[in-house]
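Below: the structure, in structure tokens.
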Amino acid sequence: MSAYKSDFLNVLAERGFIHQVSEPETLDQLAKSQPITAYIGYDCTAPSLHIGHLLPTMMLHWLQQTGHRPIALMGGGTTRVGDPSGKDETRRVLTEDVINENLKSIRQTFSKFLKFEGAGGNAIMANNAEWLNALNYIDFLRDVGRHFSVNRMLSFDSVKLRIDRQQELSFLEFNYMILQAYDFVELHKRHGCVLQMGGSDQWGNIVNGIDLGRRMENAQLFALTAPLITTASGAKMGKTAAGAVWLNADLMSPYQYWQFWRNTEDGDVTRFLKLFTVLPLDEIVRLGALQGSELNEAKKVLATEATALMHGREAADQAAETARRTFEQGETSLALPSVSLPRAEIEAGIGVLAAFVKAGLAKSNGEVRRAIANNAIQVNDVRIADDKRIVTAQDLTADGVIKLSLGKKQHILIKPE
RNA sequence: GGGAGAGUGUCCCGAGUGGCAAAGGGGGCGGACUGUAAAUCCGCUGGCUUACGCCUUCGUAGGUUCGAGUCCUACCUCUCCCA
């Protein structure tokens, strides 16, 4: 299927990671003949990466697995500017403190997918604040700015979109692509990095870096982008009731993460197994060939493998077991997500409305009321029809918890403390 | 600088021209059906309230009116035409 000669590009191609590559033959040849260094840049706009970052991160993973060197570049500097690509509106400006907090919190994620220097691997973690913060404006304009044509910059999608949609684009953001291009050149100088990867929306930014590398360093650099992932029914991937699907365990528990993958649409199973697990392809083909309800087995494998990558094998197995007991046995597993409330508060009695809001299953009392009217609320697996129902210590099960359910899939345990 | 038009339920798109908590989509959530899937059908989708009801919401700030998303004035942002 794949016409590539290098393991690296072969693996990526077979697993469906490749959307666009610049000069594929040359890059292929290079990757075949020697270890190459490649990087992906990450925003620090949130305290955790989310599902959308997973795909590019898996590319770094395979890069390392096929004998090359990955760099995870934290955008400590560029986040202060804000990438306008694919966004309608100017992002609010984050303070440096917040950015640094986010950066710290994101860091740990990479160790799950990459082996870093000092931990038996060769991966590098860099932060572009290191060189961007120190830039001198005039020097930068003269050294780097002169290589950019405004005429051409205006023609890039990230800019054109804003202009066409009559949304303001500040000069600050307009500079983002220059900084990202400069990152590429800087990483080339520092680490001999020759390839930048990213989502398909990054193509323009990456190509700018390639141009700049040629002009400033006479270097030959490459771009490789991954496809935008939508579900089989066309929806953007990674949205749930709660919002984004986070990777950090403190924002989304391994169980919830497992559930996210478990609920994959039929048509996505094979594709997701290739992209988000490291199972061998023949195993994936076997799983993807399952028909009808048997496909559920493949979804469980997907969920467990994807969760194991991110949260570890043990957490993944536990999530699978919790799901099995909850959905297949109809039991109340103590490993379900839980919220702790003071014992005294429970003994005093809490209205169902308040209880569900406290548990995070609803945003307002009214939302719970409507859910009750929709027959969607259960306490300890008993349907609630009365919104004046009080949850008390009487409701504690033999295990000492109260199980609140919204619909058939969302369960939270109340635990006294 | 002059003229014309636009900004709506803080997820998005979009009707609305004096009685509106504001049509209709999409998205999301729930229910039925299934396989924790998709498709389909049904319900819900501003806050508080047992309820009567109260509060907040249509770019911003004022004004007219019993009553304003709707009319008037100023301002902000954007689009188009003229210079």
Roughly how far, to the nearest 0.5 Å, is CD1 of Ile414(A) from OG1 of Thr397(A)?
12.0 Å
If you look at every strand shown and take non-hydrogen atoms under 4.0 Å, does Asp387(A) touch a base, only sugar-phosphate, or nothing?
nothing
Between Asn375(A) and Arg324(A), name the one whose nearest nucleotide on RNA chain B is closer to the 5' end.
Asn375(A)
Both distances under 3.5 Å, Watson-Crick or G-U wobble: report the partner of U65(B), or none.
none
Using the C1' atom as the point on both nucleotides, what is the distance between C71(B) and U17(B), in whole Å?
9 Å
Ring geometry between Tyr42(A) and His53(A) (parallel below 30°, tilted from 30 to 60°, perpendicular above 60°):
tilted
Interatomic distance where CD belongs to Gln378(A) and P belongs to G30(B) [whole Å]:
12 Å
G43(B) to U10(B) separation - C1' atoms, rounded to the nearest Å:
25 Å
Taking atom types as they are modelled, is there a donor-acceptor pair under 3.5 Å from the base of G35(B) to the side chain of Asp266(A)?
yes
Crowded around Glu417(A) CD? As in, over 12 foreign heavy atoms under 6.0 Å?
yes
Side-chain N,O (Asn365(A)) to OP1/OP2 (U49(B)) below 4.0 Å:
yes
Between G16(B) and U70(B), how far is it from one P atom to the other, in whole Å?
15 Å
Which part of the nucleic acid, if any, lies within reach of Thr264(A) when heavy atoms closer than 4.0 Å are counted: base, sugar-phosphate only, or nothing?
sugar-phosphate
Counting only Watson-Crick or G-U wobble pairs whose two distances fall under 3.5 Å, which nucleotide matches A4(B)?
U79(B)
Arg142(A) and Asp139(A) ion-paired at < 4.0 Å
no
Return the nearest nucleotide to the side chain of Ser364(A); candidates are G30(B), U45(B), C48(B).
C48(B)
With the side chain counted from C-beta on, respond yes when Glu283(A) and Leu287(A) share a heavy-atom pair under 4.5 Å apart, and no when they do not.
yes
Any side-chain N or O of Arg369(A) under 4.0 Å from OP1/OP2 of C44(B)?
no
What's the NZ-P distance between Lys300(A) and G35(B), to the nearest Å?
13 Å
Taking a pair as Watson-Crick or G-U wobble with both distances under 3.5 Å, which nucleotide is matched to U50(B)?
none
Rounding to an integer number of Å, can you tell me how far Asp268(A) CG sits from A37(B) P?
14 Å
Quick check: do Val11(A) and Gln65(A) have side-chain heavy atoms less than 4.5 Å from each other?
no
Under 3.5 Å donor-acceptor pair, Lys388(A) side-chain atoms to U49(B) base atoms:
no
As a test of reading the structure: which of A38(B), C44(B), C48(B) is closest to the side chain of Arg370(A), going by heavy atoms?
C44(B)
Side chain of Gln259(A), base of U36(B): donor and acceptor closer than 3.5 Å?
yes
Pairing partner of U60(B) (Watson-Crick or G-U wobble, both distances under 3.5 Å):
A74(B)
When both distances are under 3.5 Å in a Watson-Crick or G-U wobble arrangement, the nucleotide paired with C11(B) is G26(B)
Between CZ of Arg325(A) and P of U36(B) the distance, given in whole Å, is 19 Å
Upstream residue (5' side of RNA chain B) when Ala323(A) and Leu406(A) are each assigned their closest nucleotide:
Leu406(A)
Partner nucleotide of C41(B) by Watson-Crick or wobble geometry (both distances under 3.5 Å)
G31(B)
Looking at Lys409(A), does any N or O in its side chain come under 4.0 Å of the phosphate oxygens OP1/OP2 on A37(B)?
yes
Complementary nucleotide for G18(B) - Watson-Crick or wobble, under 3.5 Å:
none
Can a side-chain donor-acceptor contact be found between Asp183(A) and Trp131(A) if the only test is distance below 3.5 angstrom?
yes
Just N and O in the side chain of Gln410(A): are any of them under 4.0 Å from OP1 or OP2 of U36(B)?
no
Choosing from U36(B), A32(B), A37(B), which nucleotide comes nearest the side chain of Glu265(A)?
A37(B)
Taking only side-chain nitrogens and oxygens of Lys408(A), does any of them come within less than 4.0 Å of OP1 or OP2 of A32(B)?
yes
With a cut-off of 6.0 Å (strictly less than), are more than 12 heavy atoms of other residues, nucleotides or ligands near CD of Glu328(A)?
yes
Are Leu224(A) and Met59(A) packed together at the side-chain level, in the sense that at least one heavy-atom pair is separated by less than 4.5 angstrom?
yes
Whole angstrom value for the distance that separates P of A32(B) from CG of Asn374(A)
11 Å
Measure from CZ on Phe327(A) to P on G35(B) and round the result to the nearest Å.
15 Å
Can you sort out which residues in residues 282-296 of chain A have a heavy atom within less than 4.0 Å of RNA chain B? Ascending by number, please.
Gly292(A), Ser293(A), Asn296(A)
Could you tell me whether the side chain of Arg262(A) and the main chain of Ala320(A) form a donor-acceptor pair under 3.5 Å?
no
How many Å lie between CG on Asn263(A) and C1' on G35(B), as a whole number?
11 Å
Value in whole Å for how far the P atom of A37(B) lies from CG of Leu302(A):
15 Å
